[in-house]
Amino acid sequence: MPKASEIKKNAAIEYNDGVYIIKDIERSVPQGRAGGSLYRMRMYNVVTGHKIDETFKDSEMLNFADLVRRPATFSYIDGEEYVFMDDEDYTPYNINKENISDQVPFITESTQGIYAIIVDESPVGIDLPASVELEVTETEPSIKGASATSRNKPATLSTGLTIQVPEHISTGDMIKVNTEERKFMGRGDK
C-alpha cells in the first residue's frame, strides 16, 4: 500500500468502494502546520466517470487498484468515442472522449507509444508517451536568423492544439511537443 505522497498521475486507486484514476495532483504545505504536505487529487470513477477532488495527508495509505496497461494505436472516432486497437491481439478499446479530453490534442493515427488503461476488463483511459510529433499547420512566416533570439510565436498544430514555438519554426514543420506541459521541445525527426 503506497502513501499518498507516492501516488503519481494516471495511477488507479481504490477509494470509497470504487476505482478511481488520478488525473491531477497538487501538493501544498500549509503554513505553521507541524504535519507534512497535503496532496489534493482530482480523480474520476472509471465506471461512472464521476469526478471528485479529495485531499490526503502525505502519510495516508491508499490502495492501488488492479490495472492493466496494454500497448494500443489510435484507430478512429466513433461518435463520442475514440477507438484504439490493441497492438498485440487487435482488441478494440472504445473510450469516451470526455474521459481523455486532456489527451485528445496529442492523438493522431501516427502517434506511437500509447497505452490503453484497462480496469476490470473495461478500457477507462490512455497513457500518452512523454512527447509526440505533430505538424505545424498554421503559424506566422519564419524569420531568417531568428534561431539566435528566444522570442516565441503561436502555432496551430494538426490536432488543433495551439502552443508557443520559436520564430524559426514554419508551417509544415514537424515538431516534438511535451504531452505533460504542452510545450515545444524541438524539431521532429521526420
Side-chain angles (χ1 to χ4, degrees), residues 2 6-25 41-54 62-137 155-163 165 172-190:
E6 299 167 349
I7 300 289
K8 305 282 186 233
K9 278 176 75 169
N10 290 326
I13 63 167
E14 292 175 0
Y15 183 73
N16 281 354
D17 298 324
V19 176
Y20 288 83
I21 297 279
I22 309 297
K23 278 298 179 189
D24 198 30
I25 301 173
M41 299 184 189
R42 169 161 284 171
M43 48 193 177
Y44 75 90
N45 186 301
V46 297
V47 177
T48 65
H50 178 70
K51 292 184 175 134
I52 60 171
D53 286 344
E54 288 292 332
L62 300 170
N63 281 336
F64 277 129
D66 287 333
L67 170 86
V68 176
R69 283 179 164 78
R70 299 281 303 171
T73 303
F74 171 65
S75 194
Y76 61 93
I77 299 172
D78 183 13
E80 286 297 306
E81 294 190 328
Y82 275 61
V83 180
F84 296 85
M85 200 67 69
D86 189 297
D87 289 347
E88 294 167 3
D89 65 11
Y90 305 109
T91 302
Y93 300 123
N94 293 32
I95 302 173
N96 191 305
K97 182 179 181 179
E98 194 175 298
N99 292 353
I100 57 171
S101 59
D102 291 349
Q103 298 156 311
V104 166
F106 302 104
I107 300 171
T108 66
E109 290 175 356
S110 62
T111 304
Q112 299 292 312
I114 297 174
Y115 284 86
I117 301 170
I118 315 297
V119 176
D120 294 332
E121 296 186 19
S122 68
V124 296
I126 59 169
D127 265 350
L128 288 172
S131 68
V132 295
E133 286 193 16
L134 297 171
E135 182 181 353
V136 176
T137 55
T156 303
L157 307 179
S158 56
T159 59
L161 179 68
T162 301
I163 65 166
V165 299
D173 286 352
M174 291 298 286
I175 62 169
K176 283 187 183 173
V177 180
N178 181 311
T179 57
E180 193 71 32
E181 299 173 1
R182 295 177 174 240
K183 289 186 178 174
F184 172 83
M185 290 177 62
R187 285 191 183 271
D189 298 329
K190 296 173 186 165

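Among residues two or more places apart in sequence or in another chain, the side chain to side chain contact (heavy atoms under 4.5 Å, CB included) test is passed with Glu80 by Lys97. Qualifying side chain to side chain contact (heavy atoms under 4.5 Å, CB included) partners for Ala155, counting only residues two or more places apart in sequence or in other chains: Val136, Thr139, Val165. Every side chain to side chain contact (heavy atoms under 4.5 Å, CB included) that Ile52 has, sequence neighbours left out, goes to Tyr15, Tyr20, Met43, His50, Glu54. Thr137 is linked by a side chain to side chain contact (heavy atoms under 4.5 Å, CB included) to Thr156, Ser158, counting only residues two or more places apart in sequence or in another chain.
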Residues Val177, Phe106; criterion side-chain contact (heavy atoms from CB on, under 4.5 Å); working and verdict: CA-CA 8 Å; Val177 180; Phe106 302 104; 3.8 Å; yes

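Rounding to the nearest 0.5 Å gives a distance of 11.0 Å between CZ of Phe64 and CD of Glu14. The CG atom of Leu157 sits 5.0 Å away from atom CD1 of Ile163, with the distance rounded to the nearest 0.5 Å. For the atom pair Asp24 CG and Tyr44 OH, the distance stands at 13.0 Å (nearest 0.5 Å). The distance from the CG atom of Asn94 to the OG atom of Ser122 is 11.5 Å, given to the nearest 0.5 Å. Atoms CG and OG1, on Leu161 and Thr159 in that order, are 5.0 Å from each other to the nearest 0.5 Å. Going from atom CD1 of Ile118 over to atom CD1 of Ile95 covers 6.5 Å, rounded to the nearest 0.5 Å.
Contact of the Val124 side chain with the Val19 side chain is not registered, since no non-hydrogen atoms from C-beta on lie closer than 4.5 Å.
Across every non-hydrogen atom of Ser131 and Met185, the tightest pair is CB-SD, 3.5 Å. Scanning both residues, Glu109 and Thr73, for their nearest heavy atoms gives O-CG2, 4.2 Å. Nearest approach of Pro123 to Tyr93, heavy atoms of both residues: CB-CB, 3.8 Å. Scanning all heavy atoms of the two residues, the minimum distance from Ile7 to Pro2 falls at CD1-CG, 3.7 Å. Across all non-hydrogen atoms, the minimal contact from Glu135 to Gly172 is OE2-CA, 3.7 Å. When all heavy atoms of Ile22 and Ile25 are compared, the pair lying nearest together is CG2-CG1, 3.5 Å.
Environment of CD in Glu98: sparse, with no more than 12 heavy atoms of neighbouring residues, nucleotides or ligands closer than 6.0 Å. Taking a 6.0 Å sphere around CZ of Arg70, one finds it holds more than 12 heavy atoms contributed by other residues, nucleotides or ligands. Within 6.0 Å of the CG atom in Asp53, the count of heavy atoms belonging to other residues, nucleotides or ligands exceeds 12.
Counting only residues at least two apart or on different chains, the side chain to side chain donor-acceptor pair (under 3.5 Å) pairs with a member in residues 177-186 are Lys9-Glu180. For residues 68-91, every residue pair satisfying the ring-ring contact (aromatic ring centres under 6.0 Å, His included) rule, not counting sequence neighbours, is listed here: Phe74-Tyr82, Phe74-Phe84.
Among the candidates Asp78, Val83, Asp86, the single residue satisfying the side-chain contact (heavy atoms from CB on, under 4.5 Å) test with Pro92 is Val83. If you run side-chain contact (heavy atoms from CB on, under 4.5 Å) between Ile114 and each of Asp127, Ile126, Val132, only Ile126 comes through.
Between Lys23 and Asp102 there is no salt bridge, since no side-chain N of the basic residue sits under 4.0 Å from a carboxylate O of the acidic one.
Distance alone, capped at 3.5 Å, places no donor-acceptor pair between the Asn16 side chain and the Gly18 backbone.
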